[in-house]
Amino acid sequence: MWDLVNIILFFLQGFEDCYHVFLKHSKHLKSENSPLSAFKKVETRVLFKPTTEYSRLLIESFHPQLLYSAKAFRKHFDWLCETRKDNHDFDNYSNVISSETDDLLSLDILLFFHCSNEKWIRNSKGQVVYRKLALSGYEALFKQVERLSKKDLLIQKNIIKQSLFSALHSLKKEKARKIDKIKLLPVSRKLKNNQGNKKILNKVTEILDYMLLFRLKDNELSYWSYLSPAGLTDWSLNFTFLEAYNGLLDIVLVYAYAFSYTSKKVYKEIVINFVTKLDIILDTLKLKCSLEFYSGLGTFIFFIYQLNQLNFISNSSTLISKVTNHFKKTFNPEDYPLFDIIDGTAGYLAALLVTRSLIDTKVFTIQSKQCIAHLMKIYPDPRVMPENENNHRHKGRTIIGFAHGLIGVIYVMAHYVKTTNDQSVVPWIEKTLLVIQSAWNKKEKNWADAIPTEIDHSKVFNLEFSSSWCYGRIGQGICSWGYSRPI
């Protein structure tokens, strides 16, 4: 049996040879007599989720506990809706989710297809379930032909390599090392014989230059491909979108920082092109936008503030006002049951505190108090997560860690007290410190935290001693030092 690891160089050479054929005959491919006209009306399968997730969900549905009850059986498929709630296009997925459930209830693999001369997607019964395609498949095919170039070939070769690396998590280490030795592109690994900061800067620049090889451009905006988990053990290729975590905002910010040290024009171009469209991007935020520091309104406030500090934005107060106005119009405490920095209200409060010099004093006071009131209401007892009390995925257990738990929230609360001198939250901070102290294990020299393990699409929390940033002692230790100063 052939192993792709052993033939990857031949695979890439074959792809490159084929690409050059298309490139050589691109004019003919775009002509009226194009051989691509054979694809004018063909059906292709559409995947809304990895097939591995669908098949696993179907296998799980055969569990005896689900087969005795039609209600339990259907409830098991609610996971399809749960995983899409934060999607900006969620409202358009209702028909898709309904069709997914119907196919699974029929004990069949899910099927969606697209006819290349249409701008919509149909389900297994031929019914239209999704109408938001900008181009038909046939139109998109010709648009791809127009993009053929030597530069695009370079990008595609890197994406193929990155796709291959996504399989490394399920390969043996010796195979992983074998693939890692394959150099698809000449990337310099040499550093100048300088010491200290210059050596570090050279390495950072090398990494950022390498990232440019994976860059995709559309309407002057840059995008990147990256690896994302598909299920519990598999990985797949994805593309950046508007957030900090796996998203464009942090990448643009990194290039902005890098430009301030290196003055590379291409770094500046990436930032400027994004900034010029930022006002329009803010107008596209959906009505109910999340709040958190990593992918919601808090992210945008922090992002604008940092670019202002780096002299990339001159109208930062205006842009931040647009974000705070969005919060003012849409914030409904009932819609935001989460409290932590990554997913919840504490993340937005953290952004307000960091950027308060650019925010109108009255707006800062009102919105910070709204956040505090919301946190105090939904989380009065630090020993229990009330929003997760009836949630089968969280079991109501309190998490200690920085990103998703108590230490992150107390860190923000302590800085809020220092900034505003609002003593009303001090009793909560004192109670929380006792909970955190009770979780400390002298033998392990670490906090016992509730680490989520995903089983059958549900999160089961087990007490572990982690060293990670999100749940472990790295984040906990740094933030403990951070909140002890204002306290």
Side-chain angles (χ1 to χ4, degrees), residues 45-113 120-132 228-234 236 286-288 290 332-340 343-344 377-379 381 384-399 404 450-463:
R45 188 180 180 189
V46 176
L47 297 176
F48 284 100
K49 277 186 170 293
T51 52
T52 53
E53 295 197 20
Y54 285 143
S55 59
R56 189 174 70 245
L57 196 62
L58 183 60
I59 292 170
E60 289 172 5
S61 69
F62 300 148
H63 194 283
Q65 288 186 346
L66 300 178
L67 294 176
Y68 79 91
S69 166
K71 184 178 179 181
F73 193 82
R74 185 172 284 275
K75 186 177 180 181
H76 184 66
F77 296 131
D78 286 347
W79 172 82
L80 293 166
C81 182
E82 284 278 326
T83 57
R84 290 192 176 101
K85 278 187 176 177
D86 294 331
N87 192 299
H88 72 283
D89 203 22
F90 177 71
D91 293 338
N92 294 301
Y93 272 115
S94 57
N95 291 331
V96 173
I97 296 168
S98 178
S99 296
E100 287 174 335
T101 305
D102 289 343
D103 282 350
L104 287 167
L105 288 171
S106 301
L107 304 181
D108 202 355
I109 293 295
L110 290 81
L111 177 64
F112 297 96
F113 67 92
W120 45 79
I121 297 171
R122 300 177 182 271
N123 62 13
S124 58
K125 298 175 183 176
Q127 300 166 330
V128 176
V129 293
Y130 194 84
R131 296 178 178 271
K132 293 202 69 177
S228 62
L232 300 179
T233 57
D234 300 318
S236 66
K286 62 180 181 178
L287 185 61
K288 289 185 179 180
S290 58
N332 180 353
E334 302 303 319
D335 293 333
Y336 300 99
L338 295 173
F339 65 92
D340 61 26
D343 300 309
K377 180 181 178 181
I378 67 169
Y379 204 21
D381 185 351
V384 182
M385 288 181 180
E387 76 276 18
N388 295 327
E389 205 164 10
N390 299 316
N391 190 325
H392 67 284
R393 293 186 299 171
H394 297 279
K395 308 295 183 186
R397 179 173 276 167
T398 288
I399 303 171
H404 303 283
I451 309 296
T453 303
E454 196 165 333
I455 300 175
D456 296 344
H457 308 297
S458 300
K459 286 185 179 178
V460 177
F461 282 70
N462 300 306
L463 285 177

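Numbering of residues begins at 1 and proceeds along the displayed sequence. As a basis for the values below, the full set of heavy atoms in this structure was taken, side chains included, without hydrogen atoms, waters or symmetry mates. Note that this is a predicted model, so its numbers are computed, not measured.
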- request: Kindly give the heavy-atom pair with the smallest separation between R122 and V129, and that separation in Å.
  value: C-CG2, 4.2 Å
CG-CD1 distance between D102 and I97, expressed to the nearest 0.5 angstrom: 12.0 Å
message: Once rounded to the nearest 0.5 Å, what's the spacing between atom OG of S106 and atom NZ of K125?
response: 6.5 Å
message: According to side-chain hydrogen bond (donor to acceptor under 3.5 Å, both in side chains), who are the partners of D103, at least two apart in sequence or on a separate chain?
response: S124
query: Passes side-chain contact (heavy atoms from CB on, under 4.5 Å), I121 versus F48? Steps please.
result: CA-CA 11 Å; I121 297 171; F48 284 100; 3.9 Å; yes
message: How close do R131 and W120 get, counting heavy atoms only, and between which atoms?
response: CA-CB, 4.0 Å
field: Listed partners of T101 passing side-chain hydrogen bond (donor to acceptor under 3.5 Å, both in side chains), at least two apart
entry: none
query: S99 and F112: which non-hydrogen atoms are nearest, and at how many Å?
result: CB-CE2, 3.7 Å
